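Let me begin by presenting the structure, written as structure tokens, before commenting on it.
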Amino acid sequence: MVVGSGPGGLQLSYSLTHLGVPHAVISADPAPGGMFRRWPFFQRLLSWTKPFAPFERGTRFYERYDWNSLIPDDDQHRAIQPRLMDGTSYFPSRTEMEQNIATFARETGIRVRYGCRWTGTSRDGEGFRLRTTAGDYRARVVVFAFGLAEPWKPQIPGIEHVPHYAETRAPETYAGKRVFIIGKETSAFELANGFLPWARQIVLASPRPTQLSVVTNSLVGVRARYVQPYEDHILGGGVVIMNASIDDVSRSGDLFRVKTTRSDGGGSLVFEADDVIATTGFQPPLGDLPELGVVSSGREKIPSQTPLFESISVPHVYFAGTATRGAAGLKKNGIPSSSGAVHGHRYNARILARHIARAYFGIDPARPTLRRDDVLDYLLSELTRAPELWHQKSYLARSLLMDGARGIVDDGIVPLQLFVDGEGPDGVAVAVEANPKAEIYPAVYVRKNNAVTEHLLPMNPLLDFETAEHRAQLTAVLAPIL
Amino acid sequence: MCDMATTRGELADTLSSLSLFADLSAAELESVAHIVDERRFAAGERILRQGLSGSGFYIILAGEAAIRVDGKEYGKLGRGDFFGEISALLGDPPVADIVAGRELHCAIIPGPALEQFMVGHPQVMFRMLQSEARKLRTATRWRS
């Protein structure tokens, strides 16, 4: 049972279908697309699709340059997004993305019961009963792919007067106004950027200092596309960026008064504004899952998950799509997974489908074997090209296992945490990793007698890990198991 | 203490009850609550991994964890305790596993961000230093 028809739910359904797992998909929406049916507010994505890339469209390796298409197992339905783009930007427009998802669903024959809202959950023997607006469903396993769809605002006195990001009006209605934006993350900067040609003054305030992705060298922080308000601020234009807590918002007639306390000990400041907007994020619509025992963490209340996307507190409840951020992985060097975006969670869905097929339906397609002489070439090629490893750094890995009967088995793409913390036959997992100095390098994890050792290989300025140096180091690292 | 997902205000309240943050003002606590990450670990899940690079600094908000070296248990950690600082400060991989004994709720500062955090919050750095001094005193007594 899958709940949701955004990219996460549709990718999972596709992968389940191709493994032969019977399932139903329900969605409250009338059509596929999830959050992309409405957002981003300014109608263009942050995630790129490069129409012309080092690898041919329609190949697996091209996926590294196409962050937005869903991933079929055959070449025919790959790379749908670049087919639909008009060439004005390598960031698809919202409508192009919505079309991309709908095209994938249509062309691959994904079946969804639209207009069917999940309203409640209870245990039913070994499984669950899901109440919906179209009657009850019973299932052994449920997967929630409901996105972060519920606007969230912090508990600040007067916050009820403040519209959320989701309620932002057309930009021209902010012409000549003083706009106070609560929040300094990407959505705050998206609005500020869009208001630059309209608003008289823009203030962004929250306690945490602004982080920029080009400074953190990761997806953490405001993405490069929306940095313009930051530059306007540091050059003394019409944008004010403040590190301050918001104490109180009051409204008198058409005017807002926002009381703030500066985080750096600089005292209180009161702002007058014509408009206030809370860009304070979204949460997953958890419904009654907390009553069922599903625990969550952090401000966003994302359910805490095992490396295979199962609730840590309620077995057989899984998640797909953006919510798989709750399976945080190793988070090496503080760099998070890319599971909050399509280019990351589309691979999680494929892994989850394989897990569900194997664990609940006994479906486990034979994995291919490798000749010993091919191992080095294969692993170095994967490290240099595999989209799963490049999009999910330190999170997903290519794993080979030493099977006493079959020889060297390609175990496929697996969560790195599962390999590192799990027990099993001797083997190797390779991942691409990064550090805050913007260095990208291969990492090799060797498991022998259930002890895992880490080996970091050198970076390469051209991101080519098929050099003689890499080959020599990998040979030495694999010696104990090959 | 709230053991479900916390709001920033609730997290600030929780942090204020831990000795590491005892000297911070309400505004500073709220700022810290916005800076740290939060994560909940399943019973038995490893948080720090012996020999693996790139870990962080963890403060236990609720639950219990075990210190293990080569599979042997050397002690337990509970609410208010912190770990991962040696590896984060020195840039070396941890010399022990830390494993969640039961469901564990932690605040986290990524290793590369610890220096900036400590320099920005000298009272927290002083409290951490006191704690390290106590550990050193215990270790010295044990050896003598």
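What you see is a predicted model; the values in this text were computed from it and never measured. Atom set for the values below is all heavy atoms of this structure, side chains included, hydrogens, waters and symmetry mates excluded. Convention: sequence-line order gives letters A, B, ...; per-chain numbering from 1.
Residue pairs meeting the side chain to side chain donor-acceptor pair (under 3.5 Å) criterion with at least one partner in residues 109-130 of chain B, sequence neighbours excluded, are B:D23-B:R127.
Neither the backbone nor the side chain of A:I335 comes within less than 4.5 Å of any heavy atom in chain B. Proximity to chain A is absent for every atom of B:Q50, based on heavy atoms less than 4.5 angstrom apart. Within the 4.5 angstrom heavy-atom criterion, atoms from both the backbone and the side chain of B:S53 approach chain A. With a threshold of 4.5 angstrom between heavy atoms, A:Q417 approaches chain B through side-chain atoms but not through N, CA, C or O. Heavy-atom distances place the side chain of A:P436, and not its backbone, under 4.5 Å from chain B. Neither the backbone nor the side chain of B:D97 comes within contact range of chain A; no heavy atom of the residue lies under 4.5 Å from a heavy atom of that chain.
Not a single ring pair (Phe, Tyr, Trp, His ring centres under 6.0 Å) links B:H34 to another residue, sequence neighbours left out.
Separation of the A:H355 and A:F309 ring centroids does not fall under the 6.0 Å cut-off.
For the residue pair B:R79 and B:S17, a side-chain donor N or O sits within less than 3.5 Å of a side-chain acceptor on the partner. If you check the side chains of A:T210 and A:K184, you find no donor sitting under 3.5 Å from an acceptor.
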